[in-house]
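The block underneath contains the structure these notes are about, expressed in structure tokens.
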There are 2 protein chains.
Amino acid sequence: MDNFSSKDNVANIIKIPKPTLRRLPLYYQYLKREMALGREFISCTSIAEGMGLTPIQVRKDLQVTGAVGKPKIGYHTGAVISSIEECLGYKNTKDALLVGAGNLGLALLGYEGFADYGLNIVAAFDNDPAKIGMEYRGKKILDIAKFSDLARRMNIQIGIITVPASQAVNICNLMIESGIKAIWNFAPVLLSVPEGIVIQNENVAASLSVLSQELLKAKQE
Amino acid sequence: MDNFSSKDNVANIIKIPKPTLRRLPLYYQYLKREMALGREFISCTSIAEGMGLTPIQVRKDLQVTGAVGKPKIGYHTGAVISSIEECLGYKNTKDALLVGAGNLGLALLGYEGFADYGLNIVAAFDNDPAKIGMEYRGKKILDIAKFSDLARRMNIQIGIITVPASQAVNICNLMIESGIKAIWNFAPVLLSVPEGIVIQNENVAASLSVLSQELLKAKQE
DNA sequence: TAGATTGTTAATCGATTAACAATC
DNA sequence: TAGATTGTTAATCGATTAACAATC
């Protein structure tokens, strides 16, 4: 009768408000820690307090994940964790290739926490002969000349850029030509990409500006 | 007569919308590049195109910096750059101390771009005897035991945390005890701080989630 | 002068917060 | 049952977008 009956469902999958999307991983971290501390049930008031948010916001955020709580008791910690994992797709592993084996690149390459979020960095690439062929924490550093071939052969969707600003645009183009669909850019340049390619520009300068602005504000009070 | 006459002015200094605040450094980067390319005047349409924004948003954002343009001609590139520098305080240097001389710590310590934003990382600290005493790009790595003393003597306001998650809370406390007023946290933990202390929690997991969510959305289309 | 572009006021949109009913 | 906590609908707030007048 009503062929829009699955509307809510579709909306749930596709439409998560961006601010909520950015907070969900934080809930995830927090709840995993609480769970490890043996907390089986948790109320949104207590989550809010622990994370510096308001209880209403916590309720609204958790709602989009499909998590349900019980009045008077709260949420089952494990169930919420599962809801978030499900909602953000942490359980299906996504392979990625990283380009730029400098300090930042190695920091990301060696960070074991990404596994929690379903990200698997397969290998790193560089153009420095001194680095090519080396291993870092079990991950190989390969010649950038081999990037395209490997990316295509393994059908990799995600590329991570950790090269200096001057080379970022070139690497970005190389990635797109090699079939990469999502680019996580840590170089301090705003990269623009064609329709159909997803880009996430990290920008420490932006965060720094927020920090120093708030420091200034705090001083004035 | 009207002692609220300076209201707008005060509001300008204190009240920049957070989304705008995060975009201003990106305009700054972009405009500096355009200026280096010899572009003396630039319209908001052209900025918008180059950065993937809308012209109206650019106009609104630049407005909070106090930058003024000329109808038909556009903005004087250099003037806008100065306005942003003024507005975000890039010209008064802010000293910072960094704790955790791992890959990420060294990446930040060695990044010369911070100078543009007025940030000067004075030195790094670690507890690893193998690292203590070393230098990286002209910056010393000191014993964490000396942190408090140096922070107080130099009256440092900003602390940068690049230690593993497990140590982040301790380092955060150490910083607060040592008189640090603003903390830039790169450890994958949500740190909460007392009233009067400013905290900026970086979170790669949050960005990663946005990226992979958008990749998912793009695939569904 | 004519037209392009800024500056500003109003309308829309989305996220947060508040209020309250439902329920264990 | 009584009371605490969830779930949901409405109200508020802030940011973005649209419309248009001002101006070089």
Side-chain angles (χ1 to χ4, degrees), chain A residues 7-9 11-12 14-24 26-27 31 34 39-80 83-84 87 206 210 213-214 217, chain B residues 7-9 11-12 14-24 26-27 31 34 39-80 83-84 87 206 210 213-214 217:
Chain A
K7 203 183 70 180
D8 289 349
N9 204 2
N12 266 348
I14 297 195
K15 194 60 194 114
I16 304 171
K18 216 176 214 174
T20 299
L21 190 52
R22 297 192 71 87
R23 281 190 298 266
L24 286 177
L26 309 179
Y27 291 113
L31 291 170
E34 290 299 302
R39 196 140 182 200
E40 205 182 342
F41 287 92
I42 195 162
S43 77
C44 64
T45 318
S46 129
I47 297 175
E49 207 158 300
M51 293 181 57
L53 303 169
T54 67
I56 314 116
Q57 184 161 59
V58 175
R59 248 171 15 238
K60 265 275 157 83
D61 283 342
L62 296 189
Q63 201 157 287
V64 312
T65 70
V68 279
K70 286 187 193 138
K72 170 116 174 159
I73 292 163
Y75 297 86
H76 184 80
T77 317
V80 178
S83 296
I84 297 176
C87 178
V210 174
Q213 198 67 15
E214 294 195 345
K217 235 171 20 184
Chain B
K7 204 183 71 182
D8 290 347
N9 204 1
N12 266 348
I14 297 194
K15 194 61 193 112
I16 304 170
K18 216 176 215 174
T20 299
L21 190 52
R22 297 192 69 88
R23 280 189 300 265
L24 286 178
L26 308 180
Y27 291 114
L31 291 170
E34 290 299 302
R39 197 140 180 199
E40 205 181 340
F41 288 93
I42 195 162
S43 76
C44 64
T45 317
S46 130
I47 297 176
E49 208 158 300
M51 293 181 57
L53 303 170
T54 67
I56 312 115
Q57 184 161 60
V58 174
R59 236 152 48 221
K60 265 275 156 81
D61 283 342
L62 296 189
Q63 201 156 285
V64 313
T65 70
V68 280
K70 285 188 194 135
K72 168 118 176 165
I73 291 161
Y75 297 86
H76 184 80
T77 318
V80 178
S83 296
I84 297 177
C87 177
V210 174
Q213 198 68 16
E214 294 196 344
K217 233 171 22 181

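In what follows, every chain begins at residue 1, and chains take the letters A, B, ... in the order their sequences are listed. All values reported here derive from a predicted model rather than from experimental measurement.
In this structure, the nucleotide among C:dA19, D:dA15, C:dA15 sitting nearest to the side chain of A:Pro17 is C:dA15. The side chain of A:Pro19 has C:dT16 as its nearest neighbour among C:dT17, C:dT16, D:dA15. Checking C:dT16, C:dT17, C:dG7 against the side-chain heavy atoms of B:Val68 singles out C:dG7 as nearest.
With rounding to the nearest 0.5 Å, the separation of CG in A:Asp61 from CZ in A:Arg23 is 4.0 Å. Atoms SG and CE, from B:Cys44 and B:Met51 in turn, are 12.5 Å apart once rounded to the nearest 0.5 Å. Rounded to the nearest 0.5 Å, atoms SG (B:Cys87) and CG (B:Leu21) are 8.0 Å apart.
For the pair B:Tyr75 and D:dC24, the criterion of a side-chain N or O lying under 4.0 Å from OP1 or OP2 is not met. Dashed line: the shortest gap from a side-chain N or O of A:Gln57 to OP1 or OP2 of C:dT16 is under 4.0 Å. Taking only side-chain nitrogens and oxygens, B:Ser43 never comes nearer than 4.0 Å to OP1 or OP2 of C:dT5.
Rounded to whole Å, the distance from CZ on B:Arg59 to P on C:dT9 is 14 Å. Going from atom CD1 of A:Ile16 over to atom C1' of C:dA15 covers 15 Å, rounded to whole Å. Across the protein-nucleic acid pair, A:His76 atom NE2 and D:dT5 atom C1' stand 17 Å apart, rounded to whole Å. The CD1 atom of B:Ile56 sits 14 Å away from the C1' atom of C:dT9 (whole-angstrom rounding). Distance A:Gln63 CD to C:dT17 C1': 14 Å, rounded to the nearest Å. The separation between A:Ile42 atom CD1 and D:dT6 atom P is 10 Å, rounded to whole Å. Separating the CG atom of B:Leu21 from the P atom of D:dA15 is a distance of 11 Å, rounded to the nearest angstrom. Computed from coordinates, the B:Asp61 CG to C:dT8 C1' distance equals 15 Å when rounded to whole Å.
In this structure D:dA22 sits in a base pair with C:dT5, meeting the Watson-Crick or G-U test at under 3.5 Å. Here C:dC13 sits opposite D:dG14 as a Watson-Crick or G-U wobble pair (both hydrogen-bonding atom distances under 3.5 Å).
The two residues A:Ala67 and A:Val80 come nearest to each other via the heavy atoms CB-CG2, 4.2 Å. Counting all heavy atoms, side chain and backbone alike, B:Phe41 lies closest to B:Thr77 at N-OG1, 3.7 Å.
Applying the 3.5 Å distance criterion, the base of D:dT9 shares a donor-acceptor pair with the side chain of A:Lys60.
As judged by a 4.0 angstrom heavy-atom cut-off over every strand, B:Lys70 is placed among residues touching the sugar-phosphate backbone only.
Toward the 5' end of DNA chain C, the nearer of the two residues B:Cys44 and A:Lys72, judged by each one's closest nucleotide, is B:Cys44. The nearest heavy atom of DNA chain D to A:Thr45 and to B:Arg23 marks one nucleotide each, and the one closer to the 5' end goes with A:Thr45.
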